[in-house]
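Note sheet for the following structure.
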Amino acid sequence: MKANRKQRLITVLLILATSATGSFLIIRALDSNLDFFFTPSEIFKEEIPNNKRIKVGGMVLEGSVLRDKTNISFVITDYQGSINVEFDGIVPDLFKEGSGVVVVGYLRDKTLVAEDVLAKHDENYMPPSIDIKN
């Protein structure tokens, strides 16, 4: 009877240890893939480490886009704050001054070095290939 009770206790402890280890590994994996979303006015209020990947959303400031071959720099604003962005790559077709954008990258010297630029459109977007006449 005592051997059976001891065996059940060991089994329960092994299950708990395995569950705790699995939960820790899952939480650790999710934390490493987590990108925090900020607006330009929130970025400088927070202390963000240089190695932390972040997402910044806002509007591309009119007259701020500078292109040089594949390099592009622009300013994102939420009309309360703004941040300079540098991107080496090709931006989406919907990217233009005055449009919404989400940028994924790293903060370096108060400039966002972008890995990816995502252009946003409003809910009334229609592809250019569709010609609707009223």
Side-chain angles (χ1 to χ4, degrees):
M1 181 93 165
K2 289 190 178 206
N4 198 10
R5 187 174 185 174
K6 187 177 181 180
Q7 186 177 14
R8 276 188 280 162
L9 180 62
I10 291 173
T11 303
V12 168
L13 289 176
L14 282 173
I15 290 172
L16 286 174
T18 305
S19 298
T21 303
S23 297
F24 173 77
L25 292 174
I26 289 171
I27 290 170
R28 182 82 171 155
L30 289 175
D31 185 43
S32 66
N33 291 328
L34 190 64
D35 295 331
F36 293 103
F37 185 85
F38 296 97
T39 62
S41 59
E42 294 173 338
I43 284 183
F44 300 114
K45 293 178 186 175
E46 303 282 331
E47 287 195 30
I48 303 167
N50 288 338
N51 61 349
K52 186 68 176 170
R53 195 167 93 157
I54 60 172
K55 288 182 182 176
V56 179
M59 303 296 283
V60 178
L61 190 64
E62 295 282 340
S64 69
V65 177
L66 301 171
R67 298 177 189 261
D68 178 34
K69 295 187 182 179
T70 61
N71 294 333
I72 185 169
S73 64
F74 54 95
V75 176
I76 297 177
T77 185
D78 60 358
Y79 304 111
Q80 294 176 358
S82 60
I83 185 167
N84 294 326
V85 178
E86 293 178 1
F87 180 61
D88 184 19
I90 300 171
V91 293
D93 291 339
L94 292 175
F95 178 85
K96 63 183 177 183
E97 294 178 351
S99 68
V101 69
V102 175
V103 177
V104 180
Y106 296 91
L107 198 59
R108 183 178 51 184
D109 299 327
K110 297 191 178 189
T111 300
L112 186 65
V113 179
E115 289 182 340
D116 200 10
V117 175
L118 307 167
K120 295 170 34 179
H121 59 78
D122 65 0
E123 65 276 358
N124 299 322
Y125 172 74
M126 293 299 283
S129 60
I130 298 177
D131 187 22
I132 298 177
K133 299 190 185 206
N134 292 332

Q. Atom CZ of Arg8 and atom OG1 of Thr11: how far apart are they, to the nearest 0.5 Å?
A. 9.5 Å
Q.
Is there a path of hydrophobic side-chain contacts, each under 4.5 Å between heavy atoms, that joins Ile76 and Leu118?
A. no
Q) Could you state the interatomic distance from OG1 (Thr77) to CE (Met59), rounded to the nearest 0.5 Å? A) 9.5 Å
Listed pairs under 3.5 Å, donor-acceptor, residues 15-26 side chains, sequence neighbours left out:
unit_1: Thr18; atom_1: OG1; unit_2: Leu14; atom_2: O; d: 2.8
unit_1: Ser19; atom_1: OG; unit_2: Ile15; atom_2: O; d: 2.9
unit_1: Thr21; atom_1: OG1; unit_2: Ala17; atom_2: O; d: 2.9
unit_1: Ser23; atom_1: OG; unit_2: Ser19; atom_2: O; d: 2.9

**Q.** Same apolar cluster (I L V M F W Y, side chains within < 4.5 Å links), Phe36/Val101
**A.** yes
Q. Do you reckon Val104 sits in the same ILVMFWY cluster as Phe74, going by side-chain contacts under 4.5 Å, direct or chained?
A. no
Q) So which heavy atom on Leu107 is nearest to which on Leu112, and how close? A) N-CD1, 4.1 Å
Q.
Looking at every heavy atom in both Val102 and Phe37, which two are closest together, and how far apart are they?
A. CG1-CE1, 4.2 Å
Q: May I have all residue pairs that pass salt bridge (Lys or Arg N to Asp or Glu O under 4.0 Å) and include part of residues 88-112, sequence neighbours excluded?
A: none
Q | Ile43 side, atom CD1; Ile54 side, atom CD1 - distance, nearest 0.5 Å | A | 4.5 Å
Q: Nearest 0.5 Å please: distance from the OG1 atom of Thr111 over to the CD1 atom of Ile83.
A: 7.0 Å
Q.
Let me confirm one number: the NZ-OG1 distance from Lys45 to Thr39, rounded to the nearest 0.5 Å.
A. 7.5 Å
Q: Write down the atom of Ala119, the atom of Pro92, and the distance for their closest heavy-atom approach.
A: N-CG, 3.8 Å
Q) Under a single-linkage definition using a 4.5 Å side-chain heavy-atom cutoff for Ile, Leu, Val, Met, Phe, Trp and Tyr, are Val60 and Val75 assigned to the same hydrophobic cluster? A) no
Q) Do you know the tightest heavy-atom contact between Pro40 and Gly57? A) CD-O, 3.3 Å
(Q) Using every non-hydrogen atom in the two residues, find where Phe87 and Glu115 come nearest and quote the distance to one decimal. (A) CE1-O, 3.5 Å
Q: Say whether, by atom type as modelled, one donor and one acceptor occur between the side chain of Ser99 and the main chain of Phe95 under 3.5 angstrom.
A: no
Q: Supply the atom-to-atom distance Arg53 CZ to Tyr106 OH, rounded to the nearest 0.5 angstrom.
A: 5.5 Å
